[in-house]
Amino acid sequence: MDEYDSGGRSADKCPGAEDEGSTAPLPEKVSVGGSPIYRIERKLGKGGFGQVYVGRRIGPTSTSERIASGAVEVALKFEHRSSKGCNYGPPYEWQVYNALGGSHGVPRVHYKGRQGDYYVMVMDMLGPSLWDVWNNNSHTMSIEMVACIAIEAISILEKMHSRGYVHGDVKPENFLLGTPGTLDEKKLFLVDLGLATRWRDNATGLHVEYDQRPDVFRGTVRYASVHAHLGRTGSRRDDLESLAYTLIFLLRGRLPWQGYQGENKGFLVCKKKMATSPETLCCFCPQPFRQFVEYVVNLKFDEEPNYAKYISLFDGIVGPNPDIRPINTDGAQKLIHQVGHKRGRLTMEEEDDEQPKKKVRMGMPATQWISVYNARRPMKQRYHYNVADVRLPQHIEKGNEDGLFISSVASCSNLWALIMDAGTGFTAQVYELSPYFLHKEWIMEQWEKNYYISAIAGANNGSSLVVMSKGTQYLQQSYKVSDSFPFKWINKKWREGFYVTAMATAGSRWAIVMSRGAGFSDQVVELDFLYPSEGIHRRWDNGYRITSTAATWDQAAFVLSVPRRKPADETQETLRTSAFPSTHVKEKWAKNLYIASVCYGRTVS
Ligand SMILES: Nc1ncnc2c1ncn2[C@@H]1O[C@H](COP(=O)(O)OP(=O)(O)OP(=O)(O)O)[C@@H](O)[C@H]1O
């Protein structure tokens, strides 16, 4: 991986080594926040943050105990005070339990407090997790059992969502049954609220804003939603997608993306999820599971899931008598009842919201031209496509003679596309076609002469076309070539005042050019396996416009920026076409829309 800079370094500060989670011994006895004294017994489980033990009450009894939990056995969740989750005081999870504890499907927390080096939460003791049940039953689970889990889990998520939270880590290990031998043994609970976030702002009641940070991943790779892999802000749809994967896992014993290893695992898993159609994923599962997957993977960021409808999908599997079901479905019954009630009072008009929706994930990749057009004052623009290496000079020379400079370049099947126009503001331009991606020495030489990279493209055969210009507004420039989309580097450069000003791909490699003085006040990246129209529309609404595009065989990246100086006409349009959009371009010109960026790559559409 190469990274080069046109000069002027900024210090790369590395934070000191992470604090290793301390191995301080647990206390033998615990009493926190006015709780009775508990003796610590066997371990129940260990997660990423905490450790959970059985606590046995050994008295003395206090009044508060009688009010809260009279239980002899409780679950004690310990988190060391130096652990990651406790940087700012008590674990974040405590807050979430304050809001959700004891509501449908969430265990009750009776006491919490610090003892010595540990934060301790005293909660209802529960039984085995769904993973345990599956594991102890020869890696199988009956269809009826999984359907009941589906029904009840959807109702638990509905309740959690109705309180403004998304769970953020839905998986078999986080669903627990009640303690065996008690009344709760068939009851389902969802634990581990450490990754929960709000989808609805508490103060305003509005849905949180959409964002994408491709370097941020929270959750569990196997069950995470594709959106979570891509670093999008969590919303209700993500819990449901993870639930769908959880159900299919319990039913089939395996998910198609298991088994990837190594540094690139998250990317490969995400790609496989994206490419697996609901039919393929559910080929051995009864129909309702496939329908559920189809609904949830097509949910929009802020769309309200139709929980009652999803629950009713499983009606046919579970049988009419709730009393003899392997899992208690009381919560779901209540939900259906409420919705039925509400419906009864409404007109029939919303009865069928089954509008044929455009499916966003079909697992059908297509190689396409993606072209972006901006409104501009009338100007001369010219395009050339299917240009072989040897013919490049003649087109460029002719353009220069006519007062045009290259504004963008792209490549398809080792042939070049070239956009030249009179609107670049450049005063001089040089270019080089090289067999390298990218040719460092030549670029450095031009930097010395105050040329800056203004456009780049890479071909599948690894060659590149780099265009460098004078008269740009750039003050300093830096580029990086990388085997995967280098979001971390971009992020670091953003903090140093650089913005992405050009991008290209060659095969699966990326080259990103970032500049100081780019004239932007903000910038974001939309990265996806398909044309990310939802994200782009949200960004457009917030004043961002696409300023760079590039795509590999399986991913498309769009850089969107807010210009410091607003253009008079902010119109921007995009097109995806299988052939170079020659006739479309002319139609756009007639409307004073000019190509601002173009790339060719495979995206799922
Ligand atoms: N109330 C409980 N009763 C019984 N067992 C529990 C209880 N809470 C947690 N456990 C067990 O402890 C394990 C870890 O708990 P939890 O998921 O809350 O911890 P975590 O450290 O936040 O885990 P993660 O790695 O999933 O973030 C659970 O998978 C479960 O087996």
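Atoms considered below: every heavy atom in the structure, side chains included; atoms not considered: hydrogens, waters and symmetry mates. We count ligands from 1, going down the list as the structure has it; atoms in each ligand are counted the same way.
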Next item on the list: Can you figure out which of Asp192, Leu126, Leu193, Val54 has its heavy atom closest to atom 24 (P) of ligand 1?
Entry: Asp192

Considering only distance and modelled atom types, tabulate donor-acceptor pairs under 3.5 Å from the side chains of residues 167-176, sequence neighbours left out.
unit_1, atom_1, unit_2, atom_2, d
His167, ND1, Asp169, N, 3.0
His167, NE2, Val191, O, 2.9
His167, NE2, Asp192, O, 2.9
Asp169, OD1, Thr220, N, 3.4
Asp169, OD1, Thr220, OG1, 2.7
Lys171, NZ, Thr220, OG1, 3.0
Asn174, ND2, Asp169, O, 2.9

Next item on the list: Can you label the angle between the Phe314 ring and the Phe292 ring as parallel, tilted or perpendicular, going by 30° and 60°?
Entry: perpendicular

Next item on the list: Check whether any N or O atom of Asp124, backbone or side chain, sits under 3.5 Å from an N or O atom of ligand 1, and answer yes or no.
Entry: yes

Margin query: Are any of the N/O atoms on Val52, whether in the backbone or the side chain, positioned under 3.5 angstrom from an N/O atom of ligand 1?
Written below: no

Check: For ligand 1, does Ala75 get within less than 4.0 Å through its side chain, its backbone, both, or neither, judged by non-hydrogen atoms?
Finding: side chain

Margin query: Give the atom numbers and elements of ligand 1 that come within less than 4.0 Å of a heavy atom of Met123.
Written below: 1 (N)

Margin query: I'd like to check which ligand 1 atoms, numbered from 1 as shown, lie under 4.0 Å from a non-hydrogen atom of Leu44.
Written below: 4 (C), 5 (N), 31 (O)

Check: ligand 1 and Asp132, any nitrogen or oxygen pair closer than 3.5 angstrom?
Finding: no

Check: Strictly by modelled atom types, are Thr280 and Ser277 linked by a side-chain donor-acceptor pair under 3.5 Å?
Finding: yes

Notebook entry, point to check: Counting each atom of ligand 1 from 1 as listed, which ones have a heavy atom of Glu173 under 4.0 Å away?
Noted result: 29 (O)

Check: So, Tyr210 and Arg232: side-chain donor and acceptor under 3.5 Å apart, yes or no?
Finding: yes

Item checked: Geometric class of the Trp134/Trp131 ring pair [parallel <30°, tilted 30-60°, perpendicular >60°] -> tilted

Note to self: Checking Met121 against Trp94 for the side chain to side chain contact (heavy atoms under 4.5 Å, CB included) test, could you report, in this order, the C-alpha distance in whole Å, the side-chain angles of both residues, the deciding distance, and whether it holds?
What the structure shows: CA-CA 8 Å; Met121 196 162 68; Trp94 284 17; 3.6 Å; yes

Next item on the list: Classify the contact between Leu176 and ligand 1 as side chain, backbone, both or neither, using a heavy-atom distance cut-off of under 4.0 Å.
Entry: side chain

Next item on the list: Please confirm whether Arg252 makes a cation-pi placement over Phe284, using NZ or CZ under 6.0 Å from the six-membered ring centre and within 45° of the ring normal.
Entry: no

Check: Using 30° and 60° as the class limits, which term best fits the ring planes of Tyr53 and Phe78: parallel, tilted or perpendicular?
Finding: perpendicular

Item checked: Structural part of Lys77 in contact with ligand 1, heavy atom criterion under 4.0 angstrom -> side chain

Notebook entry, point to check: Given that the side chain starts at C-beta and the backbone is N, CA, C, O, which of these parts of Asn174 lies under 4.0 Å from ligand 1, counting heavy atoms, or is it both or neither?
Noted result: side chain

